[in-house]
Amino acid sequence: MAGITTSTTGRIPFIAGNWKMNLDHLQAIAFVQKLAWSLKDARHDFAATEVAVFPPFTDLRSVQTLISADDLELKFGAQDVSEHESGAYTGEISAAFLKALDTPYVIIGHSERRTLHSESDEQVAAKVSAALKHGVVPVICVGETADDLELHGPSAVPVAQLRAALAQAPDAKDIVVAYEPVWAIGSGKAATPEQAEQVAAQLRIVIAEVLGQDVADATRVLYGGSVKSSNIAGFMRQPNVDGALVGGASLDIAEFASIAQFLKHVGV
Ligand code: 13P
């Protein structure tokens with residue numbers, strides 16, 4: 001169970017909820033309040049397991065204000081960021097804007113951005129660089145499709161994507177990496193804990209090669225793809241899996257709170 005406690009790895013487990021295009025700002029306020037109550041009721045130890053929500057852009061200000069006003073220990077992040085600094089980029093949101101909202105995290109390179117919006121590895125790298133420049137921690141998503149898995153095996157594509165994503169960030173110190181096999185996202189068919197561990201271990205090697213061993217040892221590598229309260233324990237028992245990026249199940253307060261309380265499932 002080396003991956004599940006800070007005492008063994010020095011890494012604080014991280015449970016992150018990617019809301020995707022769900023919940024408007026009013027719904028977000030109610031949701032975050034209820035989630036905070038649920039976790040408080042469960043006596044959640046935020047120092048032992050970090051919990052964050054990733055709402056749509058229009059919710060961020062409301063979520064930030066609520067967290068700050070009520071002094072909540074929940075964190076939050078954005079789902080994307082522009083690679084550009086400012087200017088004529090209609091519809092884009094800059095890393096500087098996220099920083100101005102004290103946004104701690106931003107998801108970059110989610111497979112839905114890569115496939116539905118044709119985001120290239122180069123764009124992902126530029127976004128990572130923009131986030132780091134403004135002190136917003138990138139949650140860099142990588143993952144292979146079912147075809148990739150058959151053609152190239154389990155880790156070749158995620159490893160190549162991570163190398164590319166770090167290409168413009170040779171001095172990065174604070175990043176999070178999320179391994180999300182595309183075939184497992186929203187399919188109800190999660191990877192096995194062993195599959196997740198195998199790729200997470202390879203990704204940590206890439207981080208060590210590019211950013212050094214200290215950064216690799218400190219970086220949280222998450223698994224994402226059909227994570228639920230019933231399967232979280234298996235992932236968290238893996239030594240190189242430090243948390244989860246949760247989609248569908250993060251929209252159900254009781255279910256997401258239960259995932260955040262994964263230590264109860266693994267019996268530690
Ligand atoms: P699901 O948990 O719905 O499979 O989504 C995973 C995901 O894409 C999180 O970013």
Side-chain angles (χ1 to χ4, degrees), residues 13-23 28 31 35 49-57 59-60 63 74-81 98 103-119 124 127-128 131 136-146 148-149 154 157-158 161-162 165 175-193 195-196 199-200 203 220-236 238 241-262 265:
F14 189 30
I15 302 296
N18 175 8
W19 293 1
K20 307 191 180 184
M21 200 171 73
N22 292 289
L23 307 181
F31 186 101
L35 177 62
T49 303
E50 194 177 346
V51 185
V53 294
F54 289 75
F57 282 128
D59 301 5
L60 287 178
V63 169
L74 274 170
K75 303 276 181 58
F76 70 100
Q79 298 174 14
D80 187 26
V81 67
L98 296 183
T103 310
Y105 294 105
V106 59
I107 293 172
I108 295 177
H110 191 280
S111 70
E112 286 148 21
R113 302 286 326 163
R114 292 180 191 261
T115 53
L116 304 175
H117 300 270
S118 310
E119 249 180 52
V124 170
K127 290 181 175 197
V128 168
V136 182
V137 175
V139 178
I140 303 168
C141 296
V142 298
E144 81 288 356
T145 63
D148 292 334
L149 184 64
V157 167
Q161 286 176 338
L162 183 57
I175 62 169
V176 175
V177 174
Y179 167 52
E180 298 207 307
V182 180
W183 47 269
I185 294 176
S187 66
K189 189 174 168 289
T192 65
Q195 281 175 311
V199 179
L203 294 173
R220 273 94 55 93
V221 179
L222 316 182
Y223 166 76
S226 298
V227 170
K228 300 179 282 229
S229 61
S230 57
N231 63 18
I232 185 68
F235 295 110
M236 297 309 288
Q238 305 304 315
V241 178
D242 306 303
L245 185 52
V246 186
S250 78
L251 297 169
D252 179 322
I253 293 168
E255 179 67 5
F256 187 58
S258 178
I259 293 169
Q261 291 272 296
F262 70 88
H265 309 298

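One-based numbering, in listed order, for ligands and for the atoms of each. Fair warning: this is a prediction, and the values are worked out from it, not measured in the lab.
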query: Looking at Ser250 and Trp19, what are the two nearest heavy atoms and their distance?
result: OG-CD1, 3.6 Å
- request: Would you name the heavy atoms of Val227 and Ile259 that are closest together and state the gap between them?
  value: O-CD1, 4.1 Å
- request: Mind checking whether Asn18 contacts ligand 1 via backbone (N, CA, C, O), side chain (CB onward), both or neither, at a 4.0 Å heavy-atom cut-off?
  value: side chain
message: One residue to check: Ala184. Relative to ligand 1, which of side chain, backbone, both or neither has a non-hydrogen atom less than 4.0 Å away?
response: backbone
field: Side-chain heavy atoms of Thr115 within contact of Thr145, under 4.5 Å
entry: no
- prompt: Any side-chain heavy atom of Lys127 sitting closer than 4.5 Å to one from Asp80?
  reply: yes
The one among Gly224, Ala190, Ala244, Gly186 that brings a heavy atom closest to atom 4 (O) of ligand 1: Gly186
task: Would you tell me which option among Ser226, Gly248, Ser250 has the nearest heavy-atom contact to atom 3 (O) of ligand 1?
output: Gly248
field: Where ligand 1 meets Leu245 - atom numbers and elements under 4.0 angstrom, heavy-atom basis
entry: 9 (C), 10 (O)
- prompt: When you measure from atom 9 (C) of ligand 1 to every protein heavy atom, which one gives the shortest distance, and what is it?
  reply: Glu180 OE2, 2.9 Å
- line: min-distance protein heavy atom vs atom 2 (O) of ligand 1 -> Gly247 N, 2.8 Å
query: For the side-chain hydrogen bond (donor to acceptor under 3.5 Å, both in side chains) test, which of Glu50, Lys75, Gln79 pairs with Tyr105?
result: Glu50
message: I'd like to know whether ligand 1 has Gly225 as a neighbour, heavy-atom separation below 4.0 Å.
response: yes
query: What's the spacing between His265 NE2 and Phe235 CZ if we round to 0.5 Å?
result: 13.0 Å
